[in-house]
Amino acid sequence: MPATGPCRRPEIAWRVIDGEAIVVNPRSGLVYPFNPVATRCWELADGSRSEEAIIDTIVEEFDAPAEQVRQDMRGFFQMLHEKGLIQPTQGSS
Amino acid sequence: MGACGSCSGGGCGSGGTPIQIGKPQESSAGRVIWSGTGEPGAGADQIIGVGLGERLEQSVPNAGIRVESPEAKEALRRLFMKVEEKKIPLWTHIDLTYKCNTDCIHCYCQHLDSSFGGAYDKKDLTTQEVIHLLDQLADAGALNLTLSGGELFVRKDFFEIAFYASREKHFALTLYSNGTLINERMADRLAELAPVAIEISLLGATAEVHDAIVQRPGSFDRVVRAVGLLRSRGISVVLKTSIMQPNFHQADEMARLAQTLGSRTYRSTIEITPRNDGNTGVMQYQLTDAQMLDYLARDFPSPWPYTEPVPLEEARQKTTCGTGTVACYISPYGDVYPCIQLLISMGNIRDRAFKEIWEAPSDLRRKLEQIQSYGDLPDCKTCEYVQLCNRCHGLAYLETGDLTACYKLALRMAKAKTQVNAAVGTQQG
């Protein structure tokens, strides 16, 4: 079943250490260190949640201003997509 | 080190110690000729493995991982300091078997499986044992996983293991192979697997030389074909060479060939070390001092990178590698070691859980933790060649039985490097 929300590409390597993820794209050889917010977002990006649902969770868990988080998260998802770390979701171009 | 893909750049993988793309760097195991993009001289601002903390830099395996920005580099540096502090085996190397379809003259592996002609009745870990081990390693925080042998593709369950490691446990895989078993179908599956890199031994620039070293006719042609199959599928290939007596005369040609074939990185080492059972017979293939000097002094493919000499007091503060801290090695029989070079077993995963083995206090761990810098080593603290020496605890142990002793081959190399460095310094005025 296609993912309904942001979904990590299966070949991407990652490990969470003390709340911070190290993410490796084996195809490019690039490594990305994620801060705790990005890490939580990455953990949630398993395809079962919409972008909005993930953002709502982040706002709640980190007790952060919703609009700021929404803006940052959109940029973050765009980056994940551009770097080939997540796969296109259903309905996306 | 030995053959079987674990060689040529150090079985420990430290042959890829932090390197600036396009600039040759010294590593513990030899010389990185170029790295990063497959284009010598390209993108010198791109960095591989830099900023990982000084000790980590020396134990970073050669996965060829890069970061994109100074900010990312700094964030990684902080993260890796945590890794070091918590003793997380971020880099783990598993030899899935010592069995091999070639018989390299300089191989360090000593297989002990009597069903394969070995001297003892030791059996490779089963598929399920490896799967269980991968679960435990992931829980322990391991991320970069090197799978090697022997020849790892002789294991029929290789893809089952590799896909489990990648897709279920999210490891970043690097594979070491002799390349001879890679055909079209296997290359397709490897492309699907998407390892960070496949590292293949190139031991001659011609079939005559390569095949004589691996003692299997037709191997050279199969390696060349394999590299083509992998490159055409976008898989990153790293070719690596152990420079020794039988191929010394082709050192430059091998570097050129690696470049022609599209190797992302080419590494060479002049370290030929004892077998892992202590047999020193293979050391007959080591270069002589004069050959070593000749090799290091060459301008091709890149000139020696001059290092400004520092006073001995400063030089001996240089840190040693972080073996047993951020990296570990597991043999085909389940023995856990601090690294592939330091063959003092910490325990066997058939007897105890990995975490228990890794975290247990031991004399070995205490000893390793006491060695922070060259100044902590009795032979090194007064040695005038310490600045350009890249010793290895494990190889010192294998050579002398004492992991704190002088590693004689490293000292020989350090003397040659010091001489070359001085000559280059004089030329540069």
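Letters A, B, ... mirror the listed sequences (proteins, then strands); counts begin at 1.
The aromatic ring centroids of B:W91 and B:F80 lie less than 6.0 Å from each other.
Listed in order of number, the residues of residues 159-169 of chain B that approach chain A to under 4.5 Å between heavy atoms are B:S166, B:R167, B:K169.
Only the side chain of B:I88 comes within less than 4.5 Å of a heavy atom of chain A; its backbone N, CA, C and O stay farther away. For B:L79, the part sitting under 4.5 Å from any heavy atom of chain A is the side chain, from C-beta outward, and nothing else. For B:A191, the part lying near chain A is the backbone, with the side chain staying farther off; criterion is any non-hydrogen pair under 4.5 Å.
Residue B:L147 is tested with B:F158, B:Y176, B:F171 for a side-chain contact (heavy atoms from CB on, under 4.5 Å); the sole match is B:F158.
Using a cutoff of 4.0 Å between basic side-chain nitrogens and carboxylate oxygens, A:R8 and A:E43 are not scored as salt-bridged.
For B:V238 against B:R267, the heavy-atom pair with the smallest separation is CG1-NH1, 3.8 Å.
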ask   = Stepwise, does the salt bridge (charged side-chain N to carboxylate O under 4.0 Å, His left out) test hold for A:R49 with A:D56?
value = CA-CA 11 Å; A:R49 300 168 181 85; A:D56 288 346; over 6 Å; no

Side chain to side chain contact (heavy atoms under 4.5 Å, CB included) between B:E192 and B:R233, worked out = CA-CA 9 Å; B:E192 184 190 348; B:R233 287 161 177 78; over 6 Å; no

task = Mind running side-chain hydrogen bond (donor to acceptor under 3.5 Å, both in side chains) on A:E67 and A:Q71 for me, showing each step along the way?
result = CA-CA 6 Å; A:E67 211 32 59; A:Q71 198 176 324; over 6 Å; no

